[in-house]
Trainee: 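First, the structure itself, so that you have it in front of you.
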Amino acid sequence: PCSVAGLGLGSGEAAVSMGTSDTFFGITDTPVPSTEGHLFVSPVNPDEFMAMLCYKNGSLNRERIKDQICPSRDWAEFNSLLNKAPLGNHGNIGFYNGESEITPGLKAVRELHSE
């Protein structure tokens, strides 16, 4: 809620917080309750609602991937490797879960495969 207020998010806007757990949150004036995620009255406008999704695999998972790819375990080296990849990564995208995920419910994937 404090991030919504601090960013001044209004209806139709969203933000991502990348921390130990990653969080996606946004504001809507047409809430649709679900069994996944959370829905609260907006901390900024009582006529709007804050939708929030929390993901277990955040910074610790990013660090695990970095450590697997970079022998030095250095973020600067990891960033350099990422910058060498072509934009769009040839259409490849990956979701790596060190732990089983909350939303959506996904089993842990602890292996990296590169071609």
Side-chain angles (χ1 to χ4, degrees):
C2 292
S3 296
V4 168
L7 292 170
L9 295 182
S11 189
E13 297 180 319
V16 174
S17 172
M18 297 175 70
T20 302
S21 295
D22 291 343
T23 306
F24 172 87
F25 49 94
I27 302 297
T28 181
D29 55 9
T30 54
V32 180
S34 171
T35 57
E36 291 188 358
H38 308 280
L39 193 61
F40 307 98
V41 173
S42 169
V44 177
N45 182 343
D47 295 326
E48 296 177 334
F49 298 84
M50 180 184 88
M52 183 172 72
L53 298 172
C54 299
Y55 301 92
K56 187 187 305 185
N57 290 280
S59 66
L60 298 177
N61 196 53
R62 285 187 289 280
E63 187 167 5
R64 181 182 62 80
I65 298 297
K66 180 247 323 165
D67 291 348
Q68 275 187 267
I69 293 173
C70 300
S72 68
R73 304 176 91 146
D74 180 66
W75 280 109
E77 180 185 356
F78 182 74
N79 291 338
S80 175
L81 290 171
L82 288 178
N83 288 331
K84 290 178 185 175
L87 292 177
N89 197 31
H90 303 292
N92 297 308
I93 188 169
F95 293 93
Y96 304 100
N97 300 324
E99 302 294 329
S100 294
E101 190 51 78
I102 302 166
T103 303
L106 298 172
K107 292 184 179 181
V109 177
R110 296 187 177 97
E111 300 176 12
L112 285 178
H113 300 282
S114 59
E115 296 180 31

Trainee: Let me check something: do L39 and M50 share a hydrophobic cluster, defined by ILVMFWY side-chain heavy atoms less than 4.5 Å apart, either directly or through other members?
Mentor: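 No: no chain of side-chain contacts under 4.5 Å links L39 to M50.
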Trainee: Considering residues at least two apart in sequence or located in another chain, which fulfil the side chain to side chain donor-acceptor pair (under 3.5 Å) criterion with S72?
Mentor: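 Only E77 meet the side chain to side chain donor-acceptor pair (under 3.5 Å) criterion with S72.
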Trainee: Do M18 and L7 sit in the same hydrophobic cluster, where Ile, Leu, Val, Met, Phe, Trp and Tyr count as joined when their side-chain heavy atoms come under 4.5 Å apart?
Mentor: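 Different clusters: M18 never reaches L7 through Ile, Leu, Val, Met, Phe, Trp or Tyr contacts under 4.5 Å.
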Trainee: Minimum heavy-atom separation for S11 and E48, please, with both atom names.
Mentor: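 Smallest interatomic distance, heavy atoms only, reads CB-OE2, 3.2 Å.
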Trainee: What distance do E101 atom CD and C54 atom SG have between them, rounded to the nearest 0.5 Å?
Mentor: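 Rounded to the nearest 0.5 Å, the CD-SG separation comes out at 9.5 Å.
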Trainee: Can you see which heavy atom on L9 is nearest to which on A15, and at what distance?
Mentor: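 Distance-wise, the nearest heavy atoms are CD1-CB, 4.0 Å.
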Trainee: Once rounded to the nearest 0.5 Å, what's the spacing between atom OG1 of T20 and atom CZ of R62?
Mentor: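 Here the interatomic distance stands at 9.0 Å.
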Trainee: Any chance you could pull the hydrophobic cluster mates of V32, using side-chain heavy atoms under 4.5 angstrom and chaining through other members?
Mentor: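 Its cluster partners, ordered by chain and number, are none at all.
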Trainee: Supply the atom-to-atom distance K66 NZ to L81 CG, rounded to the nearest 0.5 angstrom.
Mentor: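 Going from the NZ atom of K66 to the CG atom of L81 covers 12.0 Å.
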Trainee: If you compare all heavy atoms of P1 against all heavy atoms of P43, which two are closest, and at what distance to 0.1 Å?
Mentor: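 Residues P1 and P43, closest heavy atoms: O-CG, 3.4 Å.
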Trainee: Measure the shortest side-chain to side-chain distance between F25 and S3 over non-hydrogen atoms and say whether it is less than 4.5 angstrom.
Mentor: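 Yes, their side chains come closer than 4.5 Å.
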Trainee: Under a 3.5 Å distance rule, please check whether N89 uses its side chain to pair with a backbone N or O of P86 as donor and acceptor.
Mentor: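 No, N89 side chain to P86 backbone: no donor-acceptor pair under 3.5 Å.
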Trainee: Before you tell me yes or no, could you show the steps for N57 and D22 under side chain to side chain contact (heavy atoms under 4.5 Å, CB included), namely the whole-Å CA-CA distance, both residues' side-chain angles and the distance that decides it to 0.1 Å?
Mentor: CA-CA 7 Å; N57 290 280; D22 291 343; over 6 Å; no
Trainee: Under 4.5 Å between side-chain heavy atoms, hopping through other hydrophobics if needed: is there a path connecting L53 to V4?
Mentor: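 Shared cluster, no.
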Trainee: Mind checking salt bridge (Lys or Arg N to Asp or Glu O under 4.0 Å) for D67 and listing every partner two or more places apart, or none if nothing turns up?
Mentor: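 For D67, the residues satisfying salt bridge (Lys or Arg N to Asp or Glu O under 4.0 Å) (neighbours in sequence not counted) are R73.
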Trainee: Grab the two heavy atoms, one from A14 and one from F24, that are nearest each other, plus how far apart they are.
Mentor: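 So the minimum-distance heavy-atom pair works out to CB-CZ, 3.6 Å.
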Trainee: Can you list the steps and then say if F49 with I27 is a side chain to side chain contact (heavy atoms under 4.5 Å, CB included)?
Mentor: CA-CA 6 Å; F49 298 84; I27 302 297; over 6 Å; no
Trainee: Distance check, rounded to the nearest 0.5 Å: N97 atom CG versus K56 atom NZ?
Mentor: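 Here the rounded value is 9.5 Å.
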Trainee: Restricting to non-hydrogen atoms, name the atom on E13 and the atom on G8 that form the minimum distance, rounded to 0.1 Å.
Mentor: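 Nearest heavy atoms, E13 then G8: OE1-O, 3.9 Å.
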Trainee: Under a 4.5 Å side-chain heavy-atom rule over Ile, Leu, Val, Met, Phe, Trp and Tyr, are W75 and L82 clustered together?
Mentor: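 Yes, W75 connects to L82 through the hydrophobic network.
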